[in-house]
Structure formats: structure tokens, C-alpha cells
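Here the structure is laid out as C-alpha cells; the discussion comes afterwards.
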Amino acid sequence: MSMRILITEKDHLHEDSVEMLRKKGFELEFAESDLSGARLEDCDALFVRTYTKVDRSVLDKARNLKAVIRAGVGLDNIDVEECEKRGIKVYHSPGSNANAVASHTVALTLAVLKRIAKADKHVRDGKWDREEFIAHEMDDKVIGIIGFGAIGRLVAKKFSGFDVEFLAYDPYLSKEQIEGAEEIRGKGNRIRKVEDIHELIRESDIMTIHVPLMDETRHLIGEKEFGMMKEHAIIINTSRGGVIDEKAMVECLKKERIYGAGLDVFEEEPPVNSGLLELHNVILTPHTAAMTDNAHRNMSVQAVESFLKDFKA
Ligand code: NAD
């Protein structure tokens, strides 16, 4: 009997990855992202995207589970520790969407600084008050990068075309690993590792977040941190909504304590009940930073390829 794989969020997985599994002879079954009505007890592997929670209660039901395949980078929807305890292997696709997310981060930054969404609406409304749109330039800015992994590093590389300076906060990387980044120094830009996140927050004009969501990073940026930001500073988040205390951010933006925010991720998705929706100084995208043709395929296919190295039908 072949291994049975339960697949959720099928419409968000690249069809090539599902085809790869089918061709290898695995038995495939599909379910909703909340796993309602899914036959968990006799599935050997789960193939999920972003919104399926593989927590202890799911693992208790899926007694035959041997592997979880997660198409994407963040593992915050999987209880990895519990999987490890139970001998269940977890596969994902690190780096698969870094280029797409870094590009999206640049797009959000420029859109916030130049108030692109507001300007677009302005023209459509038949207005032409150009002096309303005197904006900030990118050059001469200090860009603070929180989390200098695959995405954070690429963000710095992409911004290096501007005349900017970088600060990076990542306690898991050495000074050499950060300051030696050739792709940034090679372009003549300066990058400095900071040991204290608050130093980065105080000194940055543009602060961008690229850490995984874990207990340690939940609400990493809250009321106190917003209070430290420069008045004209902006915050960009393409990591996970939970890294920012969204309520504190809404209050800060409402009072125009900072210039603006560009957000792809939210504490609750979609953010239907969030105060963010009423604010004019934020640009919001629906968790689409990684949604490019390349990244969309890479995320699913890379995770399946890793799984196929260890498992046969
Ligand atoms: P990565 O693992 O390559 O990099 C994460 C970095 O964060 C690492 O260098 C790590 O040392 C650092 N880090 C961990 N804890 C930290 C802390 N407390 N403070 C500062 N740095 C810390 O991951 P990546 O590919 O760069 O992705 C980063 C995150 O972006 C993912 O975990 C995921 O949640 C999110 N993401 C979002 C989208 C999207 O669609 N918006 C797509 C891909 C990834």
C-alpha cells in the first residue's frame, strides 16, 4: 500500500509539486485548511501552505504521521518541537521566496515614502494638488534591518543602489557575518551590526523586519519601541504580523507619531477587524510578498524535493 498524503490549501500550492507526488505513486487526498472532515488518522504525510495549523491536537489525531511538508519558509504554523518529539520529519523551503519578499519590501518602502496609493486615488478623484505630495527621498537614510537572514540580506543588497547606510540586528550572526556582506560593501554602502535592538530603532529612518515568528519575537515591536522611533521614520513588515503589537502600531500611526507603515502581514489575516484599515498613512498588501511566479513554484517544489529525498511511495 502506498503512502497517503493529505494536501490542504491546494489552490495555493504550485500544481507541479502535486504532480511530482502523484507521479511518484503517492496516494493523494485533499482537505480544507482547517482540516474539517479530514481523515487524519490514516494519513502518512501532510502537505500544507500557510494557514493550516499543525498543532498538538492535529498530531494527536494523525497517529500515523511521518512527515509534514510546508510549502514556504516560516514554520510558525507547525509545532516543530512536538513533531521532533514524535519522530515526525518537517520539510520546508528555506530561501525559496527571498528574492520576491525582498523586492516587495522595497516596493512597500517606496510606496510609503512617496505616498503612492494616496497619489493614485488623488488622480482618479480628478484632483491635481501636487504640493500635497512633497515626499521623503530614499537617499541619506539609515535603514535598520531586524533579522539578517536570507530576506534581510537581500533587502540590503537591493537597497544598495541608493546612497544609504545600514544597521542590522541579528543576535544569531557574528559581526563578520553581517559587516562582511560583500554584496553590500561592494557597492560602497556601510553596514553595522548593532547589539541592542533599541539602538537600531532609535537611529533608523526606515525599519524593516525579517525575523521568524517565535515566542522570542512575538510583539518584538510594541508601544515602548514605537515610542523610540524617529518622527519621520517608517516601519515595514513582510515577516509575520505577530512580530508587531498591532494595537500599539495603530495608536502610533493614528497620532502620526511616525510617518507611516508598509505591511504585508497582520496579527489576524485578513485584518478585517484591524484599526489599520481606517488609516491613511499605511500601505497594506494581502500577504502577497512571496506571490511571484518564480517564488510560488519554488516554495512548493523545493519542499517536495526535500521530502522525496527521504520518502518513497
Ligand atoms: P531566515 O531564517 O533566512 O532568516 C531569519 C533571520 O532572523 C536569521 O538570520 C535569524 O538569526 C534571525 N533572527 C531570529 N531570531 C531573531 C531575533 N530575536 N532578533 C533578530 N533576528 C533574529 O528566514 P528568511 O527567509 O529571511 O525569512 C524571514 C521570515 O520572513 C520567515 O520566518 C517568515 O516568517 C517571513 N516570510 C514572510 C513571507 C511573506 O509572504 N510575507 C514570505 C517568506 C518569509
Side-chain angles (χ1 to χ4, degrees), residues 9 12-14 48-51 53 70-78 80 90-109 144-158 166-181 183 191-201 204 207-222 225 235-244 261-267 269-271 283-300 302-303:
E9 301 174 81
H12 301 281
L13 296 169
H14 197 279
V48 305
R49 183 79 168 81
T50 308
Y51 295 114
K53 295 230 174 321
R70 144 82 171 127
V73 177
L75 289 171
D76 43 288
N77 56 327
I78 319 280
V80 178
V90 178
Y91 300 89
H92 66 143
S93 35
S96 57
N97 49 24
N99 192 56
V101 179
S103 305
H104 197 87
T105 303
V106 174
L108 280 178
T109 304
I145 301 175
I146 301 178
F148 203 66
I151 297 171
R153 190 170 282 265
L154 262 182
V155 165
K157 184 182 176 192
K158 290 186 187 304
F166 298 102
L167 298 177
Y169 173 75
D170 191 323
Y172 299 100
L173 295 178
S174 68
K175 193 172 160 70
E176 291 69 37
Q177 281 171 311
I178 291 179
E179 297 186 1
E183 60 268 47
I191 179 155
R192 181 163 62 87
K193 173 178 158 83
V194 295
E195 302 298 341
D196 177 3
I197 192 172
H198 292 161
E199 181 184 344
L200 178 145
I201 296 170
S204 297
M207 184 161 98
T208 180
I209 307 177
H210 305 287
V211 294
L213 177 63
M214 308 175 290
D215 288 345
E216 175 197 327
T217 57
R218 192 174 294 280
H219 287 193
L220 189 65
I221 308 296
E225 287 72 24
I235 183 167
I236 306 294
N237 189 14
T238 57
S239 64
R240 284 289 181 268
V243 176
I244 296 182
L263 308 168
D264 185 50
V265 287
F266 307 90
E267 287 210 86
E269 296 185 0
I283 300 264
L284 312 173
T285 53
H287 203 143
T288 47
M291 303 291 259
T292 64
D293 40 9
N294 276 346
H296 177 50
R297 185 176 188 282
N298 290 347
M299 282 188 282
S300 303
Q302 204 174 299

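Order of appearance sets the numbers: ligands from 1, and atoms from 1 within every ligand.
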Please report which non-hydrogen protein atom sits nearest to [atom], along with the residue it belongs to and the distance in Å to one decimal place.
atom: atom 8 (C) of ligand 1; result: Asp170 OD2, 3.4 Å
atom: atom 42 (C) of ligand 1; result: Val101 CG2, 3.3 Å
atom: atom 40 (O) of ligand 1; result: His287 CD2, 3.2 Å
atom: atom 21 (N) of ligand 1; result: Val211 CG1, 3.3 Å

If we only count N/O pairs under 3.5 Å, is Glu216 in contact with ligand 1? yes
For Ala150, is at least one N or O under 3.5 Å away from an N or O on ligand 1? yes
Donor-acceptor contact present, side-chain [X] to main-chain [Y], <3.5 Å:
X: Ser93; Y: Val73; value: no
X: Asn77; Y: Arg49; value: yes
X: Asp76; Y: Leu213; value: no

Considering only heavy atoms of [X], which atoms of ligand 1 have at least one such atom less than 4.0 Å away?
X: Gly149; value: 3 (O), 4 (O), 6 (C), 9 (O), 26 (O)
X: His210; value: 5 (C), 6 (C), 7 (O), 28 (C)
X: Met214; value: 15 (N)
X: Asp264; value: 39 (C), 40 (O), 41 (N)
X: Thr238; value: 36 (N), 37 (C), 38 (C), 39 (C), 41 (N)
X: Tyr169; value: 19 (N), 20 (C), 21 (N)
X: Thr217; value: 17 (C), 18 (N)
X: Pro171; value: 19 (N), 20 (C), 21 (N)

For atom 18 (N) of ligand 1, is there a protein heavy atom at a distance under 4.0 Å? yes
Looking only at non-hydrogen atoms, find the nearest pair between His219 and Ile244 and report the distance.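 His219 and Ile244 have their closest heavy atoms at CD2-O, 3.6 Å.
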Are a donor atom and an acceptor atom from the side chains of Thr50 and His287 found within less than 3.5 Å of each other?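 Judged by distance alone, the side chains do not pair up.
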Tell me yes or no: between the side chains of Tyr51 and Glu269, is some donor less than 3.5 Å from an acceptor?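 Short answer, yes.
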Any Val73 heavy atom less than 4.0 Å from ligand 1: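 Flag set, Val73 near ligand 1.
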With a 4.0 Å cut-off on heavy atoms, is Ser239 touching ligand 1? yes
Test side-chain contact (heavy atoms from CB on, under 4.5 Å) on Ile201 and Ile221; report intermediate values, then the result. CA-CA 9 Å; Ile201 296 170; Ile221 308 296; 3.9 Å; yes
Nearest non-hydrogen atom to atom 43 (C) of ligand 1 belongs to which of Leu263, Asn97, Thr288? Asn97
